[in-house]
S.K.: 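Here you go, one structure.
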Amino acid sequence: MTDGDWAIVTKDLRKSYRGRAAVDGLDLRVPAHGVHGFLGPNGSGKTTTIRMLLGLVRADSGRMRIFGTSVPRALPEVINRVGAIVESPKFFPTFTARRNLDLLARAIGAPRTAVEDVLDRTGLRDRANEPYRGYSLGMKQRLAIAATLLKSPDLLIFDEPTNGLDPAGIHEIRGTMRRLADEGHAVLVSSHILAEVEQVADTVSIIGRGRLLASGSVAEVVGDRSGAVRVGIADPDGAAQVLGTAGLVVRRDGEALVVEGERDPARVTYLLAQQGRYVNSLSQVGAGLESVFLELTSGHELGAPPHVAPEGGERS
Ligand SMILES: Nc1ncnc2c1ncn2[C@@H]1O[C@H](COP(=O)(O)OP(=O)(O)OP(=O)(O)O)[C@@H](O)[C@H]1O
Ligand SMILES: [Mg+2]
């Protein structure tokens, strides 16, 4: 694939504030279709990255492309294909949602029909004639999305879109993102809360301290690291010896054994049965994006002392 096949490509992107790296050699690839979760703890560089992509902050070094177009150099060529909600947009509080959108549509030369269309797509049509100031946080967020949809962008960037929303609001925004992706838009959504993104994302990038720690489909990112088997067995020490001799990595966990990095429980039972040992219980543990996220980013959270986390997310 060439860079043009991706919605976003960054290479060795760097940005420091007062000598401290906010983005530290970030290589990011966001597919041109689907929802891409941009995940990392607080202060890991998500907003800074998005602001650099949008030309709001200047990168120290590195390369960035949006749909193959080099930014910020040629940003004007591609900016019309990008819609972003980075900060809460400014709407007139006493005007209705529809009037606010009308004004925006006129300002960017979007057709009048676009307003009704985006009101429909964000589910705001029924409340469109109420003044903005009476809107709930979730409705305000949906109006912000409606506003970015006016220019029908190919790529939508949401920086923590569910901040401050209640579970129902989060659910709604998630649904909106899914719908947009299904309509063919590329969606980049940042979050420090994995659970918010896990259910809607097709692919994810996980960053910590401004560096990429993992990326791929949710299944790939989880699958790469999942696969521990918990074994309940009489004489766990003896069983551990059998498995260890067979080359498996085994540790004691209470009265049970955990076989790390093993995805085939049948192999475990087979090896033990060969030695006349029979398991009482067997279960797979450890999978799930949440545990992968926590494992990858531990030591990468805001305020953690520097140099504690091993490079590249490899831990033992
Ligand atoms: N304008 C600025 N001046 C100084 N430091 C900044 C500035 N913007 C960001 N930083 C620092 O850069 C680092 C990355 O911040 P950034 O806002 O990109 O993180 P984030 O991943 O978006 O975090 P959050 O999840 O809290 O939104 C932080 O240490 C932050 O304090
Ligand atoms: Mg941020």
Side-chain angles (χ1 to χ4, degrees), residues 7-30 35-64 66 71-72 82-90 137 140-141 144-145 148 155-165 169-170 173-174 177 187-201 203-215 221 289-290 292-309 311-313:
I8 295 171
V9 175
T10 76
K11 287 190 182 136
D12 201 22
L13 187 63
R14 289 172 194 275
K15 174 73 186 179
S16 290
Y17 289 107
R18 291 181 222 103
R20 196 164 179 277
V23 174
D24 192 13
L26 182 63
D27 296 318
L28 189 68
R29 281 173 192 277
V30 178
V35 177
H36 188 80
F38 186 31
L39 297 162
N42 290 133
S44 55
K46 303 180 297 292
T47 299
T48 304
T49 300
I50 290 171
R51 292 178 67 87
M52 287 192 283
L53 283 162
L54 296 172
L56 303 171
V57 161
R58 190 197 305 263
D60 294 340
S61 64
R63 283 183 291 152
M64 294 179 278
I66 299 179
V71 296
V82 184
I85 305 179
V86 181
E87 287 146 6
S88 34
K90 304 281 175 284
L137 216 52
K140 285 178 175 166
Q141 194 63 291
I145 294 172
T148 65
L155 167 65
L156 285 147
I157 298 178
F158 298 111
D159 193 14
E160 309 256 2
T162 50
N163 252 353
L165 299 188
I170 292 171
I173 297 296
R174 221 186 263 145
M177 289 191 294
V187 178
L188 176 71
V189 53
S190 86
S191 183
H192 66 282
I193 301 169
L194 180 89
E196 277 183 17
V197 164
E198 180 171 17
Q199 297 165 38
V200 72
T203 53
V204 292
S205 293
I206 299 178
I207 70 167
R209 291 181 182 271
R211 290 168 165 271
L212 187 71
L213 301 177
S215 74
V221 170
L289 200 47
E290 183 79 38
V292 172
F293 180 69
L294 291 174
E295 179 193 277
L296 284 171
T297 59
S298 71
H300 287 262
E301 59 279 321
L302 194 62
H307 312 306
V308 166
E311 293 298 308

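Read the numbers this way: they start at 1 and go in the same order the structure lists the ligands and their atoms.
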S.K.: Output yes when a side-chain donor or acceptor of D159 lies under 3.5 Å from a complementary backbone atom of T47, and no otherwise.
M.R.: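 No, because the side chain of D159 does not come within donor-acceptor range (under 3.5 Å) of the backbone of T47.
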
S.K.: Can you tell me if R20 contacts ligand 1 (heavy atom of the residue under 4.0 Å from the ligand)?
M.R.: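 Contact check R20 vs ligand 1: positive.
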
S.K.: If the cut-off is 4.0 Å to any non-hydrogen atom of T47, which atoms of ligand 1 fall inside it?
M.R.: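 Contacts of ligand 1 toward T47, numbered from 1: 17 (O), 18 (O), 20 (P), 22 (O), 27 (O).
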
S.K.: So, T10 side chain and L26 main chain: donor-acceptor pair closer than 3.5 Å or not?
M.R.: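 At least one qualifying donor-acceptor pair exists.
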
S.K.: Heavy-atom contact check, 4.0 Å cutoff: does G45 meet ligand 1?
M.R.: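 It does, in that a heavy atom of G45 comes within the 4.0 Å cut-off of ligand 1.
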
S.K.: Answer yes or no for N42: is there an N/O/S atom below the 2.8 Å cut-off from the Mg ion (ligand 2)?
M.R.: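 Not a single backbone or side-chain N, O or S atom of N42 is under 2.8 Å from the Mg ion (ligand 2).
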
S.K.: Using heavy-atom distances, let me know which of T49, I207, T48 sits nearest atom 16 (P) of ligand 1.
M.R.: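 Checking each option, the heavy atom nearest atom 16 (P) of ligand 1 is found in T48.
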
S.K.: If you measure every N/O of G43 against every N/O of ligand 1, is any gap under 3.5 Å?
M.R.: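 It does: an N or O of G43 is found under 3.5 Å from an N or O of ligand 1.
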
S.K.: Pull out every atom of ligand 1 sitting under 4.0 Å from any heavy atom of A22, numbered as shown with elements.
M.R.: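 Taking each heavy atom of A22 in turn, ligand 1 has 12 (O), 13 (C), 14 (C) under 4.0 Å.
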
S.K.: Can a salt bridge be assigned to the pair R29 and D27 using a cut-off of 4.0 Å between side-chain N and carboxylate O?
M.R.: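 Not counted as a salt bridge, because no side-chain N and carboxylate O are separated by less than 4.0 Å.
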
S.K.: Indicate yes or no for a side-chain donor-acceptor contact from K46 to the backbone of F38 under 3.5 Å, with no hydrogens or angles considered.
M.R.: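 Flag not set: sc K46 to bb F38 has no pair under 3.5 Å.
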
S.K.: Testing S205, S190, S215 for side-chain hydrogen bond (donor to acceptor under 3.5 Å, both in side chains) with H36, which one passes?
M.R.: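 Looking at S205, S190, S215, the match for H36 under the side-chain hydrogen bond (donor to acceptor under 3.5 Å, both in side chains) is S205.
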
S.K.: Please identify which atoms of ligand 1 are closer than 4.0 Å to at least one heavy atom of S44.
M.R.: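 Atoms satisfying the 4.0 Å criterion: 19 (O), 20 (P), 21 (O).
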
S.K.: For R14, I'd like to know if atom CZ has over 12 heavy atoms of other residues, nucleotides or ligands within 6.0 Å.
M.R.: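 Counting other residues, nucleotides and ligands, CZ of R14 exceeds 12 neighbours.
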
